[in-house]
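The analysis underlying the following values was restricted to heavy atoms, covering all of them including side chains, and did not include hydrogens, waters or symmetry mates.
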Amino acid sequence: MKSSEIRQKFLDFFASKGHQIVASSSLVPHEDPTLLFTNAGMNQFKDVFLGFDKRPYNRATTSQKCVRAGGKHNDLENVGYTARHHTFFEMLGNFSFGDYFKRDAIKYAWELLTDVYKLPKDKLWVTVYAEDDEAYDIWTKEIGVPAERVIRIGDNKGARYASDNFWMMGDTGPCGPCTEIFYDHGEHIWGGPPGSEDEDGDRYIEIWNNVFMQFNRDEAGVMHPLPKPSVDTGMGLERVSAVLQGVHANYEIDLFQALIKAAARETSDKDMDSPSLKVLADHIRACAFLLADGVIPGNVGRGFVLRRIIRRAIRHGWKLGAREAFFHKLVPDLVAEMGAAYPELASGEKRVMDILRQEEDRFFATIENGMAIVEAELTAMDRVGKTVFDGATAFKLHDTYGFPLDLTADICRERNVTVDAAAFDAAMAQQKEQARAAGKFKMAANLDYAGAATTFHGYDALESKATVLALYKDGAPVNELREGEMGVAVLDHTPFYAESGGQVGDRGELRGASGILAVEDTQKIQASVFGHHGVLTTGSLKVGDGVTAKVDAQARARTVRNHSATHLMHKALREVLGPHVQQKGSQVDPDKTRFDFSHTQPMTNDEIRRVERLVNAEILANAATQARVMKLDDAQKTGAMMLFGEKYGEEVRVLDIGSSCELCGGTHVNRTGDIGFFTIVAEGGVAAGVRRVEALTGDNALAYVQNMETTLGGVAGTLKVVRGEVHGRVTALLDQVRRLERDMAALKGKLASAQGDDLVNSAVDIKGIKVLAAQLEGADVTALRETMDKLRDKLKSAAIVLSSVADGKVTLIAGVTADLTSKVKAGELVNVVAQQVGGKGGGRPDMAQAGGTQPENLAAALASVQGWVEAKL
């Protein structure tokens, strides 16, 4: 049975049991800052389990994309060395939100495994939490699994409920026992059943885990029964495919075999059991899906993890003999295997390949030097029997050649060598800020609120009456805010828009009978609870007070102009650049709109002007905007633009602005003409395959154009030409400057050459070679190099250092004739001199360059050259 069929049978089975088939969420958990990547099927339902979100269904089933390659859940280092570790995998799951519980969950699992997948019943073993008599009795008395194959797993970590069979969402909150189903691969494979001393063997493999959320754990550790217990299950597609396809290792299933063959094709490797081919097959899945979901290789956060995976793949390709970009060529093979189940992969194929190719080209340009350093160090270690790789060298590989520590460790592990991680950390200490930037994914500081939701009126009004439901100071609930104190207010009704979808939160004021809160920002505390952040400027504000909530009208008007223009610009970008353009982030505030989108090339001036003309044409048309609330399925049928990976509810807001139709919950103009005027003021790259445009609208755009006109008028006045002639006049002046620079360079060269001729007789003979160290007045780098070449030709066998000083900076060039480079190296020579003038440098044995910042020490530094060269001879 192919993996695609296994996946579909799972979804169809639970659909027949009344479950809603829900599409996989993005690998980027947009609204959960506690996660680096989506790593389990329940992630997209977290708010449902916590009671913050309601769905029109109470049963769901999914095949969820997951990545475990960073943060708490990181399987990266084990990939390629074990039979079942992956960076990317698919988690099949069924969920009950307060509907069915243990009995039905267990029966569904057993029916699917034995009746649909036809697994032999005597091959299945079960574990339950030691105290969960209910689950034990269902398995043994109702399902009929023999008691010897139902194993109670107790607390084994020194505390109650600290068991592999007791699941917790966190230190507090929903939790409960779980029951796991194992498959016995047979006596020919070593290992014992779960709970035994040999449980780490590969004979008994867990394929399914059913979590029963039936308690809420408070801060004191007390378990309170939940009023509506829920079910959260997960079964790895790769693991169950291995069982159903009669193989033991996940890499032997159809999904991986096709990718392993593709990797062998692109690397010309003939050993189909090569661990490196398995790494490539695994890593192309993680990389392609992350890229398709909008993650871009970078130096921090998710982008940093993605870049590490890509470079680890390239290193394994290098090991197999690849010396140029190859990894991106596996993408079409992956699309052929999984594109039907995940359309975002197929639609993004070209972009994914382009970005991977760029990353490969960048890393292949440096990997040879890095690998040479690793091999040289390992060879030296072999000679002396050393088994710990130098941490400082590992840091140099990381800092200079882009080798992450785990990549160096991966290479070392193949040679039974460990890396001195402590020394690496010490070398990294100077870059702590960068390291901290890569670890932004921490638990959100959510305010503790359990009251009513906030009703939003801001689509139609900028002012409304409201009652204060809750107040917070320094993150803690209070009953009153006093003058001068900063805090957060929760209202029952509000016209304030809370930051979402790239639009910033509104500002304004909450005016009560006893005080005024100046609102500086509005943020969501929960999905439907708005927090008004600000300072109490006068009086006091108490819980229960009535207030008038009033939005800053001018700031809102500027924001909505920018937001509506963003929709029109998105549409125009797709028309001008192509349908591959997808939004990758935005920020809309009163000052500007900033829009990130997928595109691999800088926009030309013509493309920018075309986008501006399209948007302004929509503005001139002055079409009315329309917002419609409808079911998500109906919105999809309208063709409305949706942001892939964004979390949408069952009901969505479809916004029509001019010719743009897009899902959006933000605030907007009533007619396109209200935008007034649109202009793009900046365009540039922010990451591989992602460009950024900044634009202005309305009075901000007018002010920008007027300032530009003032500047242009000033330039025209200075040049004494009319505005239309400025470009031609500036071009002529630049040509003139270039000619003068060339003439000056030629004169400097002649001056330096003349000085060089005079210097030939200044060379000192030391042990049969000529040594010369001199300063050339007014010489630039080019003049120094030309003079160096002439002196080496004339002196035949020589070591030379030439220098010049300009603007307080020293330039040094060292040259050594070919017959001497085995004894005297130019790179070492120039570095010795540079260190004496506050600099450093290096280069080839025959020619090297350096600089310094202490010209006052130059004479003494040059005087030291003779002694240093003599010592080398």
Side-chain angles (χ1 to χ4, degrees), residues 296 458 462 496-508 519-523 533 551-574 576-577 581-599 602-605 607-620 625 641 643 655 657-658 660 662 664-687 690-712:
I296 299 296
L462 296 180
F496 284 75
Y497 182 82
E499 181 173 335
S500 181
Q503 179 178 334
V504 299
D506 279 330
R507 56 190 189 225
V519 179
E520 299 171 358
D521 191 15
T522 310
Q523 298 282 333
H533 299 241
V551 174
D552 182 329
Q554 184 180 47
R556 166 70 84 83
R558 287 174 170 170
T559 299
V560 299
R561 284 196 290 265
N562 287 332
H563 197 168
S564 296
T566 304
H567 284 245
L568 299 177
M569 179 171 63
H570 189 188
K571 176 80 161 34
L573 285 167
R574 289 172 63 85
V576 172
L577 302 179
V581 168
Q582 291 183 357
Q583 180 176 336
K584 294 301 174 187
S586 68
Q587 182 178 352
V588 178
D589 58 35
D591 299 323
K592 67 183 180 309
T593 173
R594 190 185 72 200
F595 188 77
D596 296 347
F597 59 97
S598 54
H599 190 56
M603 291 179 68
T604 66
N605 287 332
E607 288 170 338
I608 291 173
R609 300 288 85 83
R610 287 168 60 194
V611 170
E612 286 181 328
R613 285 196 297 271
L614 287 170
V615 174
N616 281 299
E618 297 266 24
I619 294 171
L620 288 172
T625 61
M641 185 74 179
L643 303 184
L655 196 72
I657 302 179
S660 168
E662 195 168 335
C664 182
T667 57
H668 289 275
V669 296
N670 293 321
R671 306 187 72 90
T672 58
D674 296 343
I675 297 170
F677 174 49
F678 169 86
T679 186
I680 292 174
V681 297
E683 190 276 345
V686 292
V690 176
R691 308 296 298 176
R692 172 173 291 172
V693 166
E694 290 192 8
L696 305 176
T697 64
D699 54 348
N700 289 329
L702 177 61
Y704 173 81
V705 171
Q706 288 178 333
N707 287 336
M708 294 294 288
E709 283 291 309
T710 300
T711 301
L712 180 60

Closest non-hydrogen atoms of Phe678 and Ala695, given as atom of the first, atom of the second and distance, are CE1-CB, 3.4 Å

Working to the nearest 0.5 Å, report the span between NE2 of His668 and CG of Leu655. 4.5 Å

I want to know whether His570 and Phe595 have ring centres closer than 6.0 Å. yes

Side-chain donor or acceptor of Asp589 paired with backbone N/O of Arg594 under 3.5 Å: no

Taking atom OG1 of Thr679 and atom CG of Asn700, what is their separation to the nearest 0.5 Å? 11.5 Å

Fit a plane to each ring of His567 and His563, take the angle between them on a 0 to 90° scale, and name the class: parallel (under 30°), tilted (30 to 60°) or perpendicular (over 60°). tilted

Below 4.5 Å, heavy atoms only, C-beta onward: do Arg556 and Tyr497 meet side chain to side chain? yes

Just so I know, are the side chains of Glu499 and Gln523 near enough to count as touching, which here means a heavy-atom distance under 4.5 Å? yes

Do you know which two heavy atoms are closest between Ser586 and Gly501, and how far apart they sit? OG-O, 3.8 Å

Would you please name every residue forming a ring-ring contact (aromatic ring centres under 6.0 Å, His included) with Phe496, sequence neighbours left out? His532

State, to 0.1 Å, how close Arg561 and Asp674 come at their nearest heavy-atom pair, and which atoms those are. CD-O, 3.2 Å

Can you tell me how far apart NE2 (His533) and CZ (Arg507) are? Round to the nearest 0.5 Å. 15.5 Å

Quick one, Lys584 and Ile296 - any side-chain contact, counting heavy atoms below 4.5 Å? no

Does Arg610 pair with Glu607 as a salt bridge, N-O distance under 4.0 Å? no

Taking the side chain as every heavy atom from C-beta outward, state whether Asp506 and Val519 have any atom pair closer than 4.5 Å. no

Just verifying a value: how many Å separate Met569 CE and Glu612 CD, rounded to the nearest 0.5 Å? 10.5 Å

Value rounded to 0.5 Å, distance of CG in Asp591 from OG1 in Thr559: 8.0 Å

Arg691 vs Leu577 side-chain heavy atoms within contact, under 4.5 Å: no

What residues form a ring-ring contact (aromatic ring centres under 6.0 Å, His included) with His599, not counting sequence neighbours? His580

When rounded to the nearest 0.5 angstrom, what is the spacing between CG in Leu696 and CZ in Arg558? 11.0 Å

Would you tabulate the side-chain donor-acceptor contacts of residues 701-709 under 3.5 Å, counting partners in other chains and residues two or more places apart, or write 'none'?
residue, atom, partner, partner atom, Å
Asn707, ND2, Ala703, O, 3.2
Glu709, OE1, Arg723, NH1, 2.6

What's the shortest heavy-atom distance between Asn562 and Thr593, and which atoms? O-CB, 3.8 Å

Sub-3.5 Å donor-acceptor pair from the side chain of Thr697 to the main-chain atoms of Phe677, do we have one? no

With the side chain counted from C-beta on, respond yes when Glu662 and Ile657 share a heavy-atom pair under 4.5 Å apart, and no when they do not. no

Just by distance, do the side chain of Thr625 and the backbone of Val669 share a donor-acceptor pair under 3.5 Å? yes

For a quick test of reading the model, state the closest non-hydrogen atom pair linking Ala572 to Val615 and the distance between them. CB-CG2, 4.0 Å

Is the backbone N or O of Thr672 less than 3.5 Å from a side-chain atom of Glu618, with the two atoms forming a donor-acceptor pair by type? no

Determine the minimum heavy-atom distance between Ser660 and Leu568, stating which atoms define it. CB-CD2, 4.4 Å

Between Glu683 (side chain only) and Met603 (backbone N and O only), is there a donor and an acceptor less than 3.5 Å apart? yes

